[in-house]
Amino acid sequence: MTADSPRTRAAAVLVPMPAERAYSYAVPDGMQVVPGSIVRVPLGPREVAGIVWDGPVEAVDPKKLRPIAHVFDCPPITEQMRRLVDWIAQYTLSPPGMVARMILRAPEAFDPEPWTEGIKRSDGEPDRMTAARTRVLEMANDGMAWTRSGLAHAAGVSSTVVDGLRAQGVFETVMIPPRPVVAAPDTSYAAAELTGDQGAVAAGLRDQVEADRFAVTLIDGVTGSGKTEVYFEAIAAALDKGKQVLILLPEIALTQAFLERFQNRFGAKPAEWHSDLPPRMRERVWRQVAEGGVRVVAGARSALFLPFNNLGLIVVDEEHDPAYKQEDRVFYNARDMAVVRAHIGGFPVVLASATPSVESRVNAEQGKYARAVLSARFAEAALPQLATIDMRRSPPARGGFLSPVLLGKMRETLGRQEQSLLFLNRRGYAPLTLCRVCGHRFGCPVCSAWLVEHRFRGQLVCHHCGHNERRPEACPECGTFDHLVACGPGVERIAEEVVSHFPDARTIVLSSDMLGGVKRLRLELEAIANGEADIIIGTQLVAKGHNFPNMTLVGVVDADLGLANGDPRAAERTYQLLSQVTGRAGRTGKKSLGLLQTFQPDHPVMRAIVSGDSEAFYDREISEREKAALPPFGRLAGIIVSAATRPEAESHARGLRRAAQVAQDVHVLGPAEAPLALIGGRHRFRLLVQADRKADIQGYIRALLAAGPKVRGSVRVQVDIDPQSFL
DNA sequence: AGCACGCCGACT
DNA sequence: GTCGGCGTGCTC
């Protein structure tokens with residue numbers, strides 16, 4: 001805000017760096033700024049873009065006060081967005097400047113898009129006609145403005161023909177406004193016919209949108225139950241009201257398939273927003289969102305920070321997806337911040353999932369969220385038949401990992417010329433290699449993980465930090481040759497086993513470390529969809545998005561994987577993943593089958609998957625957490641200490657732990673219990689803090705950080721608040 | 001987060 | 001003798 005003093009006007013400006021408060025800048029005479037204005041200000045040796053902020057301007061040494069260099073010709077960041085920045089900064093204990101930085105991620109967009117020069121038919125007539133000229137004039141007689149190249153292309157002539165006509169005064173020069181990044185959606189383009197409960201849920205959402213009322217609705221329904229069709233009607237209502245709409249999708253799910261589905265309903269695609277967007281497109285989308293020209297954005301979590309000026313609805317699809325959580329710089333969960341955004345804006349938010357997160361289910365049970373269950377009735381035909389394979393009763397052959405039951409079904413599937421998918425969430429050949437003579441195990445020299453053998457590449461790789469080395473012939477400990485054994489399966493090893501059983505089948509392995517990168521992967525997925533493979537062996541990435549029309553068998557090689565890793569969310573995550581994977585079968589209309597290889601067929605996760613009845617599973621999961629006072633019943637925050645070396649990080653975390661004057665109702669877990677990981681070349685250490693109320697945990701962490709050892713050198717401390725029921 | 005300043009190892 | 005490694009400190 002600006003403040004008038006006898007000599008200089010000053011404004012508070014939030015700059016994109018970890019400053020705890022807005023800095024003060026002088027406003028030169030004649031310059032107009034309002035809260036939300038995007039300005040260029042000097043900061044140290046350079047100039048940066050900042051946002052003029054609300055609140056009193058802090059008095060600062062007049063010698064330090066530097067003037068705002070420039071006010072961008074750009075719609076100001078709205079009050080709702082500014083309140084969101086303050087809220088997130090406060091809640092996540094991040095510097096507000098760092099939160100503001102997430103808004104300012106399209107630097108070229110702060111200036112208006114340039115108008116381009118075009119031409120339009122005028123009164124002038126050409127000196128003589130040719131065939132080419134006739135075609136050009138036929139096109140141009142619509143009286144619309146054309147670009148020169150566009151007109152030439154449309155008429156099928158060279159641009160010299162157009163230039164020749166222009167020289168004779170046949171065209172006048174006009175300026176053409178920037179082209180919209182997407183066409184306007186048409187809410188009446190292809191309204192879906194909704195049945196029974198779908199219609200009722202859609203009507204409820206429409207009412208919320210029309211009432212401009214904050215409300216959270218959790219739409220809970222399996223694939224094919226019409227979740228998307230239902231929230232499309234809420235989107236239509238918001239658009240009819242002249243509002244903008246944001247659809248959040250987990251990054252991987254930003255697939256062409258969703259955009260096409262939207263287009264089939266609204267006649268135009270939504271604008272996309274994700275990290276892979278080319279810079280030029282990024283700027284145009286940002287700008288057109290700020291100006292209100294873009295009505296619907298489908299985006300990854302960062303789309304929450306787009307400068308909407310008239311937002312009326314947010315949809316968070318696959319709300320349980322961990323990709324919504326950002327775990328660097330500012331730690332936040334976009335799903336929860338979307339709820340906060342809607343609360344600030346006073347409009348509804350829709351959370352959709354076939355496998356909701358436990359915290360959303362609890363929020364629904366506590367009445368904070370409404371829960372709309374869509375029955376699977378309409379999807380039943382498409383649901384695969386699911387069963388467990390008890391690996392104690394049907395063990396694999398010696399040295400193998402696939403049970404005869406699964407192999408038998410694969411053979412039948414091959415016989416029908418249909419596709420099978422084997423899912424194993426582990427890259428490489430084997431997760432552990434050891435020496436049969438001396439027992440030496442190959443561990444990562446950098447971190448604590450075992451090295452994973454990648455036989456195809458002839459390497460031992462650390463999946464934690466990326467360290468890799470050649471697989472040696474002899475044991476480095478005892479020197480014995482040819483006695484290294486691979487323990488456990490990875491997708492490469494499963495592929496080996498499959499090929500030995502089905503040498504004539506076309507088998508393909510899909511994992512994120514595939515040679516050739518994303519491009520190759522996309523081609524392979526397309527090839528599979530076209531039926532160019534019989535057996536697909538894949539890691540997590542096959543679980544999402546893609547539809548394989550001929551896939552009638554899904555086998556989960558190790559359904560227990562991930563259940564015993566000490567994560568309080570292990571069961572929930574496994575349930576969600578297995579649900580998604582088994583859902584890859586049965587998109588065909590044909591009879592399809594999902595088989596889970598497990599040593600614990602009576603585990604609640606397996607029972608929930610096989611029976612399709614998730615209610616009991618959620619009830620149990622909720623009561624387990626209640627007993628353990630884990631989220632969503634307690635609050636859990638992580639203090640992340642990161643340093644270049646592991647001892648440094650550990651000693652610092654111990655220092656913080658020592659400094660902990662454990663307050664009532666607050667527990668500090670770790671360091672021993674906390675997971676240690678190496679990310680981006682830095683050792684990260686998470687100290688878990690648990691408390692019952694939001695205020696407790698934030699106050700406690702503030703006190704702890706103040707009392708703890710001074711953070712200096714290359715040690716960094718960040719705070720990750722696990723946001724549960726914050727409303 | 002950038003970016004400059006500043007002090008110790010391997011090279012044009 | 002310099003180039004450059006990243007530790008430290010500052011930005012209205």
Side-chain angles (χ1 to χ4, degrees), chain A residues 1-29 31 33-72 77 82 85-86 88-89 92-108 110 275 279 302 305 326-332 446 640-649 651-652 655 678-684 705 708-720:
Chain A
M1 198 49 173
T2 59
D4 288 302
S5 75
R7 20 195 85 247
T8 45
R9 288 187 302 151
V13 177
L14 209 47
V15 289
M17 58 150 212
E20 280 306 324
R21 39 187 63 249
Y23 283 172
S24 304
Y25 283 88
V27 182
D29 285 342
M31 181 182 278
V33 292
V34 295
S37 292
I38 300 182
V39 293
R40 194 169 59 228
V41 291
L43 183 70
R46 67 218 143 102
E47 285 194 334
V48 295
I51 307 172
V52 175
W53 218 242
D54 314 75
V57 182
E58 209 174 298
V60 68
D61 179 358
K63 285 196 291 289
K64 277 182 138 186
L65 198 66
R66 298 167 76 185
I68 294 174
H70 177 68
V71 185
F72 288 100
I77 301 301
R82 302 199 303 276
V85 168
D86 283 334
I88 292 177
T92 63
L93 301 176
S94 313
M98 289 306 286
V99 184
R101 204 176 81 113
M102 299 194 286
I103 295 180
L104 301 170
R105 281 262 183 85
E108 303 303 316
F110 306 151
S275 53
S302 60
F305 295 95
Q326 172 151 81
E327 299 208 61
D328 62 298
R329 298 182 176 97
V330 180
F331 290 71
Y332 69 93
V446 187
I640 287 119
V641 179
S642 76
T645 68
R646 181 174 167 171
E648 207 184 350
S651 95
H652 200 83
L678 197 140
I679 297 170
R682 294 177 68 84
H683 288 265
R684 286 161 42 121
L705 292 182
K710 261 223 184 82
V711 179
R712 61 184 140 51
S714 60
V715 180
R716 272 207 297 267
V717 175
Q718 288 160 318
V719 178
D720 170 18

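Naming convention: chains lettered A, B, ... in sequence-line order (proteins, then strands); numbering from 1 in each chain. Remember, predicted model here, so these are calculated numbers, not experimental data.
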J.: Applying side-chain contact (heavy atoms from CB on, under 4.5 Å), can you list everything that pairs with A/Lys63, at least two apart in sequence or on another chain?
T.: A/Asp61

J.: To the nearest Å, how far apart are A/Arg21 CZ and C/dC12 P?
T.: 16 Å

J.: With sequence neighbours excluded, tell me which residues meet side-chain contact (heavy atoms from CB on, under 4.5 Å) with A/Pro62.
T.: none

J.: For A/Ser94, what residues pass the side chain to side chain donor-acceptor pair (under 3.5 Å) criterion, not counting sequence neighbours?
T.: A/Thr92

J.: Nearest whole Å is fine: how far is C/dC12 C1' from A/Tyr25 OH?
T.: 5 Å

J.: Grab the OH-P distance between A/Tyr23 and C/dC10 for me, whole Å please.
T.: 11 Å

J.: Applying salt bridge (charged side-chain N to carboxylate O under 4.0 Å, His left out), which residue pairs with at least one partner in residues 11-27 of chain A are found, sequence neighbours left out?
T.: A/Arg21-A/Glu58

J.: Taking any atom closer than 4.0 angstrom to a non-hydrogen atom of chain A, what span of DNA chain B does the protein reach, first nucleotide to last?
T.: B/dA1 to B/dC3

J.: At under 4.0 Å between heavy atoms, what does A/Pro16 touch on the DNA or RNA strands: base, sugar-phosphate, or nothing?
T.: nothing

J.: In whole Å, what is the span from the CG atom of A/Leu14 to the C1' atom of C/dT11?
T.: 14 Å

J.: Students often mix this up, so state it plainly: with edges at 30° and 60°, are the rings of A/Phe72 and A/His70 parallel, tilted or perpendicular?
T.: perpendicular

J.: Quickly work out the A/Arg66 CZ to C/dC10 C1' distance and round it to whole Å.
T.: 12 Å

J.: Of all residues at least two apart in sequence or in a different chain, which pass the salt bridge (Lys or Arg N to Asp or Glu O under 4.0 Å) check with A/Glu327?
T.: A/Arg686

J.: C/dT11 P sits how many Å from A/Glu47 CD, rounded?
T.: 17 Å

J.: Could you pull out all residues at least two apart from A/Arg82 that satisfy salt bridge (Lys or Arg N to Asp or Glu O under 4.0 Å)?
T.: A/Asp54

J.: Nearest 0.5 angstrom please: A/Leu14 CG to A/Ile77 CD1, how far?
T.: 11.0 Å

J.: Mind listing the residues from residues 92-102 of chain A sitting with a heavy atom below 4.0 Å of DNA chain B? Number order is fine.
T.: A/Arg101

J.: Name each donor-acceptor pair under 3.5 Å that joins a side chain in residues 36-49 of chain A to protein atoms two or more places apart or in another chain, with its distance.
T.:
from	atom 1	to	atom 2	distance (Å)
A/Ser37	OG	A/Val34	N	3.0
A/Ser37	OG	A/Val34	O	2.9
A/Arg40	NE	A/Glu47	OE1	3.0

J.: Using whole Å, report how far CG of A/Asp61 lies from C1' of C/dT11.
T.: 14 Å

J.: Round to a whole Å and report the spacing from CZ of A/Arg40 to C1' of C/dC12.
T.: 17 Å

